[in-house]
Amino acid sequence: MTWIWICRTRISLRTFRMAKTLVVLAGPTAVGKTRFGIALAKELQTEIISADSRQIYKEASIGTAVPSPEELRTVRHHFIQTVSLEENYNASRYEQDVLRLLEELFGRYDLVLMVGGSGLYIKAVCEGIDDLPPHDPALRSKLLSRYEKEGLQSLTEELWRLDPVSAGRIDLKNHMRVLKALEVSLQTGKPYSEFLSGTPARRPFNILRLALDMERQELYRRINERVDRMMKDGLLEEVKRLQPYARTNAMKSVGYRELFDYLEGKVPLEEAVDRIRRNTRKFARKQITWFRKNDQYCWFSPDEIREAVQWIRESSDLQDR
RNA sequence: GGGGAGAUACCAAAGUGGCCAACUGGGGCAGACUGUAAAUCUGCUGUCGCACGACUUCGGAGGUUCGAAUCCUUCUCUCCCCA
């Protein structure tokens, strides 16, 4: 656990002079962020902004593992079940919504807590995300069917023509990236790359980042346990109820797509549940990778709430108040 | 008791004399990622050095061969069918 110490020492030596601080609590799914976050919020007497791209949807609760009603009563949460699955929510909208809310919250608190595992959403708030023209679903579906008919090659060739900068930068094997760049370039007549500033946004508040992790084996155990609990709590019924939304973005999530497959008769139930377990493990690994590459995170184990509180107090200079 | 099929790396599964350290899929590990981000994409995955290379693998033990996961003998185990 030396890495934690190195990281803590380096950051806690820094002195933060700014009055307002956004404390970010990140980490893989099922590591215990909700519990930890609530404990922190109580201790620091503040509110929680959820940074979870799935818990934000109104219609879902079991599969997205939203905090329980009791937990939500204990500490005020924002962005939990606030938008509909039918809406086209994304990181950019989240950035704007959070910044607007923060203005208000910082009027009341010196310190606000953001808790969640959606790396891109957190990044959008902390570093900004460049403005793009409004998404054009018609163009997207046109490009998508072209991708299916003509293959990726045809799209990348066009991207090289329209936006060589992006073509040189983007992962050309990833059709999502190619599609996006092409879509924007076609829609605006300007290369996608010109919309990207490449510089992090300045924020009128300070940011403190901490992340939770635990031994891999234990994390996997907790994931399995959680999946079993979700099934007992009625995940299958929730998924049945959400079948009309099966084709929306959010319903491609772990826990839903596997059960849609079961409901459509593609796999037996036990197999579907097993896939949920495996896909959740993969998801957790990806989250860890994402947060690990950002060396501003100070890592804690989920039982180090006291240590985290102390670290936050020291780092945010609250003690001087 | 008789007849048949099979045992391959963590799992599943190809290979049926040299092109095999062994296809492929899963799993695992690592990574990329500025609008689907719980998405999408990439690399590695016998051991040791981790580049070249060296060493040990395809149920066990023998054998044939210049050479075997692949052929022969035998042993062990599994599955199926008939009794």
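Naming: A, B, ... by sequence-line order, numbering from 1 per chain. The structure presented is a predicted model; accordingly, all values stated were derived computationally and were not measured.
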Below 4.0 angstrom, which residues in residues 142-150 of chain A have at least one non-hydrogen atom near RNA chain B? none

Side chains of Thr34(A) and Glu71(A): any donor to acceptor distance under 3.5 Å? no

Does NZ or CZ of Lys180(A) fall inside the cone over Tyr192(A)'s six-membered ring, less than 6.0 Å from its centre and within 45° of the axis? no

Just to be sure I understand the geometry, which residues of residues 78-93 of chain A put a non-hydrogen atom under 4.0 Å away from RNA chain B? Asn90(A), Ser92(A)

Residues which pass side chain to side chain donor-acceptor pair (under 3.5 Å) with Gln45(A), listed by chain and number, not counting sequence neighbours: none

Categorize Arg277(A) for me: base, sugar-phosphate, or nothing, with a 4.0 angstrom heavy-atom threshold over every strand shown. nothing

Sorted by chain and residue number, the side chain to side chain donor-acceptor pair (under 3.5 Å) partners of Ser50(A) (sequence neighbours excluded) come out as none

Using a 4.0 Å cut-off to any heavy atom of chain A, which nucleotides of RNA chain B are the first and last in contact, reading 5' to 3'? G27(B) to U42(B)

Should the ring pair Tyr121(A) and Tyr89(A) be called parallel, tilted or perpendicular, given that the plane angle runs from 0 to 90° and is split at 30 and 60? tilted

Which residues share a ring-ring contact (aromatic ring centres under 6.0 Å, His included) with Tyr256(A), sequence neighbours left out: none

Between Trp290(A) and Lys293(A), is there a cation-pi geometry (under 6.0 Å to ring centre, at most 45° from the normal)? yes

Applying salt bridge (Lys or Arg N to Asp or Glu O under 4.0 Å) to Arg221(A) and not counting sequence neighbours gives Glu218(A), Glu225(A)

With sugar-phosphate meaning primed atoms plus P, OP1 and OP2, does Lys286(A) contact a base, only sugar-phosphate, or nothing at under 4.0 Å between heavy atoms? base

Within the 6.0 Å centroid threshold, strictly below: Tyr245(A) and Tyr57(A): no

Within residues 126-134 of chain A, those residues having any heavy atom closer than 4.0 Å to RNA chain B are Ile129(A), Asp130(A), Asp131(A), Leu132(A)

What stems involve RNA chain B, if each pair must be Watson-Crick or G-U and both of its distances must be under 3.5 Å, with 3 or more such pairs in a row? B:1-7 with B:76-82, B:10-12 with B:24-26, B:27-32 with B:40-45, B:46-48 with B:53-55, B:59-63 with B:71-75

For Tyr220(A), answer base if it contacts any base atom (sugar-phosphate contacts may also be present), sugar-phosphate if it contacts only those atoms, and nothing otherwise; contact means non-hydrogen atoms under 4.0 Å. sugar-phosphate

Residue pairs passing the side-chain hydrogen bond (donor to acceptor under 3.5 Å, both in side chains) test with at least one member in residues 264-276 of chain A, sequence neighbours excluded, are Glu264(A)-Lys266(A), Glu271(A)-Arg275(A), Asp274(A)-Arg277(A), Asp274(A)-Arg278(A)

Which residues in residues 159-176 of chain A have a heavy atom closer than 4.0 Å to any atom of RNA chain B? Asp171(A), Lys173(A), Asn174(A), His175(A), Met176(A)

Side-chain donor-acceptor contact under 3.5 Å, Ser154(A) with Arg146(A): yes

Using a cut-off of strictly less than 4.0 Å between a heavy atom of the residue and any atom of RNA chain B, enumerate the qualifying residues of residues 223-257 of chain A by number. Asn249(A), Lys252(A), Ser253(A), Val254(A), Arg257(A)

